[in-house]
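Both backbone and side-chain heavy atoms feed into the values below; hydrogens, waters and symmetry mates do not. So you know, we letter chains A, B, ... as the sequences are listed, proteins then strands, and number each from 1. Being a predicted model, the structure only gives us computed values, none of them experimental.
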There are 2 protein chains.
Amino acid sequence: MILIKNFWKNRRDELGLGIHIYPSCWSEFLTSRKVISFENIKVACKNCSLSALCLPMGLSPDDVERLDSIIKRGRPYHRGDHLYRGGDKFHSLRVITSGSVKTYSPNEDGGEQVLGFHLQGELIGLDAIKDESHNCAAIALETTAVCEIPFLQLESLSSIMPSLQHQMYRLLSREIGQDTEMLTLLGKKSAEERLASFLLSFSERFKQRGFSASDFFLSMSRYEIGNYLGLAVETVSRLFTRFQDESLLRVERRHVQLVDIPRLYEIVQRSDSTKSSQSRV
Amino acid sequence: MILIKNFWKNRRDELGLGIHIYPSCWSEFLTSRKVISFENIKVACKNCSLSALCLPMGLSPDDVERLDSIIKRGRPYHRGDHLYRGGDKFHSLRVITSGSVKTYSPNEDGGEQVLGFHLQGELIGLDAIKDESHNCAAIALETTAVCEIPFLQLESLSSIMPSLQHQMYRLLSREIGQDTEMLTLLGKKSAEERLASFLLSFSERFKQRGFSASDFFLSMSRYEIGNYLGLAVETVSRLFTRFQDESLLRVERRHVQLVDIPRLYEIVQRSDSTKSSQSRV
DNA sequence: AAAACGACTTGATCCTGATCAAGAATTTCT
DNA sequence: AGAAATTCTTGATCAGGATCAAGTCGTTTT
């Protein structure tokens, strides 16, 4: 048993697949075990399994081609490597192509506010456009590959490609929408609701990416989950235990299996229908 | 005393100046007391005192002219009027030109999460771009005038005006940055820090607009402040009282005078230097 | 294999801010 | 002007979750 777990654990580390996300192009690698250098896994947008989630979403093949021409694919980051830090000059947006990333806003004394966890297909760095430098930092939670999109070039391209411009506006707008959802979470929801919401968000995002919605590995620690959700580590830990006792899920360290997804949704929606903190003009 | 207060109160209501913000073009009106129809106060961007804060910021005069040509200036909204509601089709971004607006995300039972309070020069509706319909609502907190900017036209214009496109990216990015600051506020800060932060934000924004940084009227209720900051009304009320007892400010209902702004800043920054909720990978 | 370390869990206690309740001050309605 | 409805304040009590403390489990180092 331990052997098997270790096998998978080592396997994940070695491949950088901590959360069971495999770029489609790696399937050959996984089955054949041929040694393939990282150079070879640089996939053009048009062949990338993420294009439906990612920036090229909805663009015509020609437009994708043009977008592709400005994208840089660098070497992968390892767990703990920074993609950028607060204060770094902003030059590129980045799309995660495999692995996962945490963004956070550090405060001088070493404390931090975790701003988000990002999976493949997600675009990060949008907040840095406004003053051409990063106010937040981004760090790889496991072996992670990214596409870099030099912003100046993206901007020029988008001004001659209305569909790309439109896509950019949509993505920026979506980011705002996600942030405001998070405001509601932090402003109004109980610890229980926050964790349920967190888990379902991952469930949905894994599902979108073709992985199990009910069985996955989280790539972040309890500390990071707590920080993100505005809770103490101990609270997060206790909630996991309670959820398990209530047969909502099974959890062993970072491996989570959601057993009763509908009931998790009930928990999240509970606040919408009971609490009424009206505010009149 | 009451007479004087009522005088100003009525004056404000009649003119829609609840938070002491006067479009520059109204000064003639205020001194001469001529009756001027609202038609006459429709100011072109190039003559508008807000252009430095608003969308035209940094555009060339020619570009401002072109932007101006697509902007619609409608009749003012009265206190309690909705600019848009959740579910409304999105067609325009809006810039507040006078007055103030609350945006909120309603949940079925009448409860709500206040997302922001917006003053003149601020652009709202950015979150609705992504799916062409509003998920949030916006309501006037007092008599409020807005410029409407039809988004489709803005989009076309921005694709032939790189400077406008750039400005849009910056504004969208700024919005994201503001939201993430708010996440830190709600995730990590105490009630005291939240209210101090709230007051200083208004102080700064009033100052930017040429008004007193230390003496202003808030256009929202305690309920709305509490809702926005993730606090109960009672807590907000108690904090105002305490801040007054500590000579940080003087407050009488919605009229606030900040007496010791430096100390308010200390309160806000306190958390950055004491609490350390580290989170390791 | 032992030791050291970091991540996580569990228990006990404390405190901030929510909730409940009542009253005062304003505003709105008639 | 008087009544009714709101908004705001203040006090008392309660509870959710933070903090403190100790221990377990798993991994890494030597």
Side-chain angles (χ1 to χ4, degrees), chain A residues 1-3 5-10 12-13 18 79-80 111 141 186-195 217-227 229-245 251-256 271 274-281, chain B residues 1-3 5-6 8-10 12-13 18 78-80 111 141-142 186-195 217-227 229-245 251-256 270-271 274-281:
Chain A
M1 185 56 189
I2 287 166
L3 209 83
K5 267 197 293 185
N6 278 345
F7 169 78
W8 276 108
K9 189 263 154 199
N10 292 331
R12 283 202 308 280
D13 277 5
R79 173 191 166 95
L141 291 172
L186 292 176
K188 298 276 175 300
K189 303 208 171 183
S190 69
E192 190 184 61
E193 288 156 2
R194 292 182 201 192
L195 188 64
F217 282 81
L218 295 170
S219 56
M220 73 296 292
S221 70
R222 300 284 190 270
Y223 283 92
E224 290 166 319
I225 296 174
N227 188 309
L229 297 176
L231 301 171
V233 206
E234 294 92 332
T235 306
V236 175
S237 180
R238 274 184 252 272
L239 284 171
F240 269 119
T241 310
R242 208 173 85 205
F243 282 178
Q244 180 159 261
D245 292 347
V251 60
E252 199 196 336
R253 308 215 112 210
R254 298 181 176 192
H255 181 197
V256 178
S271 62
T274 54
K275 291 183 195 166
S276 62
S277 51
Q278 272 96 339
S279 88
R280 300 193 191 83
V281 179
Chain B
M1 185 53 189
I2 287 166
L3 210 81
K5 269 198 292 186
N6 278 346
W8 275 108
K9 188 264 160 198
N10 292 331
R12 283 201 309 280
D13 276 5
H78 294 289
R79 173 192 166 94
L141 291 171
E142 59 190 310
L186 293 176
K188 298 276 176 297
K189 303 208 171 185
S190 69
E192 190 184 63
E193 288 156 3
R194 293 182 201 192
L195 188 64
F217 282 81
L218 295 171
S219 56
M220 73 296 293
S221 69
R222 299 285 190 267
Y223 282 92
E224 290 166 320
I225 296 174
N227 187 308
L229 297 177
L231 300 171
V233 207
E234 294 93 332
T235 305
V236 175
S237 182
R238 274 185 253 271
L239 282 170
F240 268 120
T241 310
R242 208 174 84 207
F243 282 177
Q244 181 159 259
D245 291 347
V251 59
E252 198 195 338
R253 305 220 113 210
R254 297 180 177 195
H255 180 196
V256 178
R270 184 140 66 222
S271 62
T274 55
K275 290 182 196 167
S276 62
S277 52
Q278 271 96 337
S279 88
R280 299 195 191 82
V281 179

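Contact check, R222(B) against dT9(D): a side-chain N or O comes under 4.0 Å of OP1 or OP2.
The side-chain heavy atoms of L195(B) and F243(B), taken from C-beta on, include a pair separated by under 4.5 Å.
For the helix from dA1(C)-dT30(D) to dT30(C)-dA1(D), the angle separating the two terminal helix axes comes to 50°, with each axis derived from five pairs and the value rounded to 10°.
Remark: P of dC8(C) and OH of Y223(A) are 8 Å apart, rounded to the nearest angstrom. Atom CD of E192(A) is separated from atom P of dA15(D) by 16 Å (rounded to the nearest Å). Rounded to an integer number of Å, the gap from CZ of F240(A) to P of dA7(C) is 16 Å. L239(A) places its CG atom 15 Å from the P atom of dC8(C), with the value rounded to the nearest Å. Separating the NE2 atom of H255(A) from the P atom of dG26(D) is a distance of 15 Å, rounded to the nearest angstrom. Between R254(A) atom CZ and dT9(C) atom C1' the separation is 15 Å, expressed in whole Å. Distance, K189(A) NZ to dG16(D) C1': 17 Å, rounded to whole Å. Atom CD in Q244(A) sits about 12 Å away from atom C1' in dT9(C), given to the nearest Å.
Minimum heavy-atom separation, L239(B) to A191(B): CD1-O, 3.5 Å. Heavy atoms only, all atoms of each residue included: R254(A) and S219(A) are closest at NH1-O, 3.4 Å. Across every non-hydrogen atom of L186(A) and L229(A), the tightest pair is CD2-O, 3.4 Å.
The side chain to side chain contact (heavy atoms under 4.5 Å, CB included) search around R238(B) returns E234(B), not counting sequence neighbours. Every side chain to side chain donor-acceptor pair (under 3.5 Å) that R242(B) has, sequence neighbours left out, goes to E192(B). Annotation: side chain to side chain donor-acceptor pair (under 3.5 Å) contacts of Q244(A) (sequence neighbours excluded): none. In terms of the ring pair (Phe, Tyr, Trp, His ring centres under 6.0 Å) criterion, residue partners of H255(B) (sequence neighbours excluded) are, by chain and number, F217(B).
Backbone-only engagement by G230(A) is indicated by non-hydrogen atom pairs under 4.0 Å involving sugar-phosphate atoms exclusively. Across all strands, A232(B) comes closer than 4.0 Å to base atoms (heavy-atom distances).
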Between N or O atoms, less than 3.5 Å apart, protein on one side and nucleotides 10-13 of chain C on the other: list the pairs.
| from | atom 1 | to | atom 2 | distance (Å) |
| --- | --- | --- | --- | --- |
| dT10(C) | OP2 | T241(A) | OG1 | 2.7 |
| dG11(C) | N7 | R238(A) | NH1 | 2.8 |
| dG11(C) | O6 | R238(A) | NH2 | 3.3 |
| dA12(C) | N6 | R238(A) | NH2 | 3.4 |

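Residue F240(A) is tested with R253(A), R222(A), E252(A) for a side chain to side chain contact (heavy atoms under 4.5 Å, CB included); the sole match is R222(A).
Taking the nucleotide of DNA chain D with the nearest heavy atom to each of M220(B) and R253(A), the more 5' of the two is matched to M220(B).
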